[in-house]
Q: 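Take a look at this one; I'll ask things after.
Order of the sequence lines sets the chain letters (A, B, ...), proteins ahead of strands, with each chain counted from 1.
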Amino acid sequence: METKDESQQPVEQLIANRRAKLDALREMGQDPYPRRFRVERSVSEARSLYEGLSAEELEKDPPVVRLGGRLRAVRGHGKVSFADLSDGLGQIQLYVKKNDLDESAWLVFKQLDLGDFLGVEGPVFRTRAGELSVAVKELTVLSKALRPLPEKYHGLADREARARQRYLDLLSNPESREVFEIRSKAISSIRRRLEAAGFIEVETPMMQPIPGGATARPFVTHHNTLDLDLYLRIAPELFLKRLIVGGFERVFELNRNFRNEGISTRHNPEFTMLEFYWAYADYELLMDFTEELISGVVEEVTGGLEVEWGGHTIDFSRPWRRLKMRDAILEYSDLTPDDLVGRERMEKAARDLDVQRIDERSDGNLLAELYEMTAEPLMINPTFIMDFPRQISPFAKSCPDDPETVERFELFIGGMELANAFTELNDPDEQRRRLEFQAAEQGGMVDEDFVLAMEHGLPPTGGEGIGIDRLIMLLTNQSSIRDAILFPQLRPRE
RNA sequence: GGGCCGUUAGCUCAAUUGGCAGAGCAAGUGACUCUUAAUCACUAGGUUGGAGGUUCGAUUCCUCCACGGCUCACCA
């Protein structure tokens with residue numbers, strides 16, 4: 001459909017300009033979207049390969065390269081043009097000289113826009129300014145871009161656009177690309193370290209008939225043929241423990257969980273969790289292993305053990321502090337040991353700290369809430385908070401000297417909960433009682449099939465979950481989980 | 001869900017005690033055979049997020065809505 005110049009909106013004008021060039025290319029017999037263009041190496045590979053060579057060395061024996069990439073800048077200079085060809089990671093300058101090209105190739109070059117993909121071939125040399133460049137002899141359009149990219153210098157700044165059109169963010173903001181490169185490296189490092197420690201990676205159901213292993217509202221879906229409501233998992237825990245029953249002694253799963261709760265700078269409805277289960281381990285051993293695993297990843301990915309995050313310097317060097325929950329409350333508040341004894345005194349302490357809905361909470365929940373209100377935000381360097389109330393820990397084994405307290409820890413870094421682990425309860429009768437108590441308290445279902453598995457014998461086991469997105473936040477100095485996830489959940493436009 | 005803040009050209013940003021909405025990049029035309037945020041000249045580009053209201057006049061003030069950010073609540 002032809003539109004009149006007057007009625008055209010600005011973007012549409014820009015698109016129309018590009019479409020006109022698209023048509024021009026076709027008229028010249030150039031396919032703007034050809035099938036293939038085989039490159040010998042990427043732009044950044046070529047760059048690192050020839051970067052060390054001087055102008056003289058290149059001149060003596062000029063290497064001919066064949067590269068594909070996106071056109072990111074053109075500096076026209078009459079019958080000569082300089083251009084930047086990018087592979088996303090790095091770029092190399094193109095030197096395009098009218099006299100060195102077929103006339104048709106020069107005309108093709110004139111129909112290019114910033115953002116187009118093109119393939120080039122030619123010898124590598126250095127310009128007088130010393131810039132490594134390809135003297136283009138052949139030039140092919142590989143994909144014509146119909147819309148303009150964000151500005152080359154400032155990139156894309158609008159936070160909403162950056163999340164909605166992540167490809168533009170990645171293209172134009174190198175620091176954003178770096179976040180996700182670090183994410184990839186960190187996850188790969190975690191996998192390698194677990195495998196080196198004898199763990200095997202497994203996959204367990206994401207769609208579960210009874211969502212268990214955590215307390216959170218699940219997403220519901222429906223299987224038509226079975227006519228069965230299924231829940232997206234809130235944790236893989238109960239399936240991983242079935243595998244320990246089945247004789248896999250060290251298993252891990254590094255994948256998505258789904259929780260139908262609020263969205264915040266620390267919560268995304270789908271998030272990546274590492275869970276691992278280790279037969280014959282207990283929570284003490286898990287703390288040692290967690291220190292080793294995370295500090296190893298931090299060092300491998302950042303090159304050191306100190307990380308700048310949210311205005312703090314976080315020191316990951318070992319050993320990390322281990323503090324009982326009760327002691328953490330006492331250390332980081334004005335409360336005394338007496339304030340934590342008995343329902344009445346704890347309620348008073350909670351009221352003084354503005355804890356909401358106090359009467360709905362169990363004693364154990366109240367204690368955990370006191371911790372959250374006092375010490376938690378101050379746990380900047382890695383700190384294990386140990387020994388949780390039994391009432392809020394249905395899968396953890398009690399401490400030998402105190403049945404109301406369990407062998408459980410959470411790891412806090414930068415004031416965030418990063419990991420949660422315990423010596424797994426393996427007494428099936430006790431497990432059934434705990435799940436029934438939990439179901440009665442909070443609603444929910446008892447996973448009898450899980451208890452059945454445990455009745456066949458679960459060895460002493462340590463199990464842990466680590467929030468990967470939050471770890472990435474720490475590694476990349478991001479204050480919001482949205483900036484550590486490529487496509488975070490957003491409300492649909494319009 | 002509550003409170004506060006934001007939304008101006010494709011992108012990055014200005015501006016108005018309420019009085020013709022402006023720049024850089026990108027785009028178009030022209031000049032230019034070593035530039036690199038190339039340069040120079042000219043041109044075009046706007047329903048100031050949307051809908052109402054107040055006003056002679058609203059981009060600016062008010063109300064509602066949409067989306068986003070921060071924060072509290074909810075929630076591990």
Side-chain angles (χ1 to χ4, degrees), chain A residues 5-18 20-21 55 71-85 91-100 113-115 125-133 135 145-165 168-169 171-173 213-218 234-235 257 259-269 271 273 354-357 360 365 368-369 371-372 376 388 392-393 408 410-412 416-420 442 465 467 470 479-480 482-483 488 490-494:
Chain A
D5 283 355
E6 296 79 49
S7 67
Q8 279 173 340
Q9 294 299 301
V11 206
E12 289 166 356
Q13 181 62 59
L14 297 175
I15 293 171
N17 290 343
R18 286 168 180 254
K21 294 179 186 177
L71 189 64
R72 294 310 308 273
V74 175
R75 295 174 290 280
H77 220 290
K79 296 184 178 62
V80 160
S81 276
F82 298 90
D84 295 332
L85 192 70
Q91 56 185 43
I92 196 162
Q93 180 168 266
L94 304 181
Y95 179 69
V96 185
K97 192 168 162 185
K98 188 180 180 194
N99 294 351
D100 283 359
D113 285 297
L114 301 189
F125 75 110
R126 279 188 190 278
T127 62
R128 271 175 227 159
E131 181 76 27
L132 194 69
S133 308
L146 297 180
R147 288 173 186 271
L149 299 181
E151 202 222 12
K152 62 185 170 188
Y153 190 60
H154 297 96
L156 189 67
D158 180 70
R159 293 176 66 87
E160 186 179 349
R162 286 179 50 198
R164 284 190 198 279
Q165 292 184 282
L168 295 180
D169 179 36
L171 266 171
S172 54
N173 299 325
T215 49
R217 275 182 296 171
I234 55 176
N257 288 346
R259 297 186 183 176
N260 204 341
E261 309 282 2
I263 297 176
S264 78
T265 49
R266 292 174 183 192
H267 299 84
N268 195 60
F271 62 101
M273 178 95 124
D354 262 340
V355 173
Q356 306 288 308
R357 287 190 311 285
E360 293 170 32
N365 188 294
E369 191 61 26
Y371 163 74
E372 284 185 31
E376 183 178 301
F388 277 58
I392 57 166
S393 313
R408 170 179 176 187
E410 288 187 351
L411 170 63
F412 289 86
M416 285 192 292
E417 178 196 335
L418 214 81
N420 179 22
Q442 307 180 355
R470 290 180 181 176
S479 59
S480 170
R482 276 185 297 276
D483 298 317
L490 296 175
R491 224 176 265 269
R493 266 307 208 184
E494 280 141 342

Q: In whole Å, what separates the P atom of B/A23 from that of B/A41?
A: 14 Å
Q: Dot-bracket notation for RNA chain B is requested: 5' to 3', Watson-Crick or G-U wobble pairs only, both distances under 3.5 Å, with ( ), [ ], | and . as defined.
A: (((((((..((((.....[..)))).(((((.......))))).....(((((..]....))))))))))))....
Q: Does A/A129 have any side chain to side chain contact (heavy atoms under 4.5 Å, CB included) partners at least two apart in sequence or in another chain, and if so, which?
A: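 Counting only residues at least two positions away or on another chain, A/A129 forms a side chain to side chain contact (heavy atoms under 4.5 Å, CB included) with A/T127.
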Q: Can you work out whether A/L490 or A/E369 has the more 5'-proximal nearest nucleotide on RNA chain B?
A: A/L490
Q: Can you sort out the partners of A/R164 under salt bridge (charged side-chain N to carboxylate O under 4.0 Å, His left out), two or more places apart, ordered by chain and number?
A: A/E160
Q: For the P atoms, the ones on B/U8 and on B/G1, what distance do you get once it is rounded to whole angstrom?
A: 24 Å
Q: Using the C1' atom on both, measure B/A27 against B/G68 and round to a whole Å.
A: 29 Å
Q: Mind checking A/A129 for me? I need base, sugar-phosphate or nothing, with any heavy atom below 4.0 Å counting as a touch.
A: base
Q: Determine, for nucleotides 22-28 of chain B in 5'-to-3' order, which nucleotides have protein heavy atoms under 4.0 Å from the base (write B), from only the sugar-phosphate (write S), or from neither (write -).
A: --BBSSS
Q: Could you tell me the separation between the CD1 atom of A/I263 and the C1' atom of B/C67, rounded to a whole number of Å?
A: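 The distance from CD1 of A/I263 to C1' of B/C67 comes to 13 Å, rounded to the nearest Å.
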Q: Under 4.0 angstrom, heavy atoms only, what part of the nucleic acid is A/Q356 near: base, sugar-phosphate, or nothing?
A: sugar-phosphate
Q: Write down the distance separating the C1' atoms in B/G28 and B/C64, rounded off to the nearest Å.
A: 42 Å
Q: If I take atom CD from residue A/E131 and atom CD from residue A/Q93, how far apart are they, to the nearest 0.5 angstrom?
A: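 Answer rounded to 0.5 Å: 5.0 Å.
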Q: What I want to check is whether an N or O donor and acceptor connect the side chain of A/N99 with the base of B/U33 at under 3.5 Å.
A: yes
Q: Can you tell me how far P in B/G49 sits from the matching atom in B/A37, rounded to whole Å?
A: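 Straight-line distance between the two P atoms is 34 Å.
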Q: Identify all pairs in which a protein N or O lies below 3.5 Å from an N or O of nucleotides 29-32 of chain B, and state each distance.
A:
| residue | atom | partner | partner atom | Å |
| --- | --- | --- | --- | --- |
| B/C32 | N3 | A/G78 | N | 3.0 |
| B/C32 | N4 | A/G78 | N | 3.4 |

Q: What contact category does A/R491 fall into here, base, sugar-phosphate, or nothing, at under 4.0 angstrom with non-hydrogen atoms?
A: sugar-phosphate
Q: If you restrict it to nitrogen or oxygen atoms, what contacts under 3.5 Å exist between nucleotides 3-5 of chain B and the protein, and what is each distance?
A:
none

Q: Tell whether A/E160 reaches the base of B/U7 with its side chain through a donor-acceptor pair below 3.5 angstrom.
A: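 When only heavy-atom distances are counted, A/E160 does not reach the base of B/U7 through any donor-acceptor pair under 3.5 Å.
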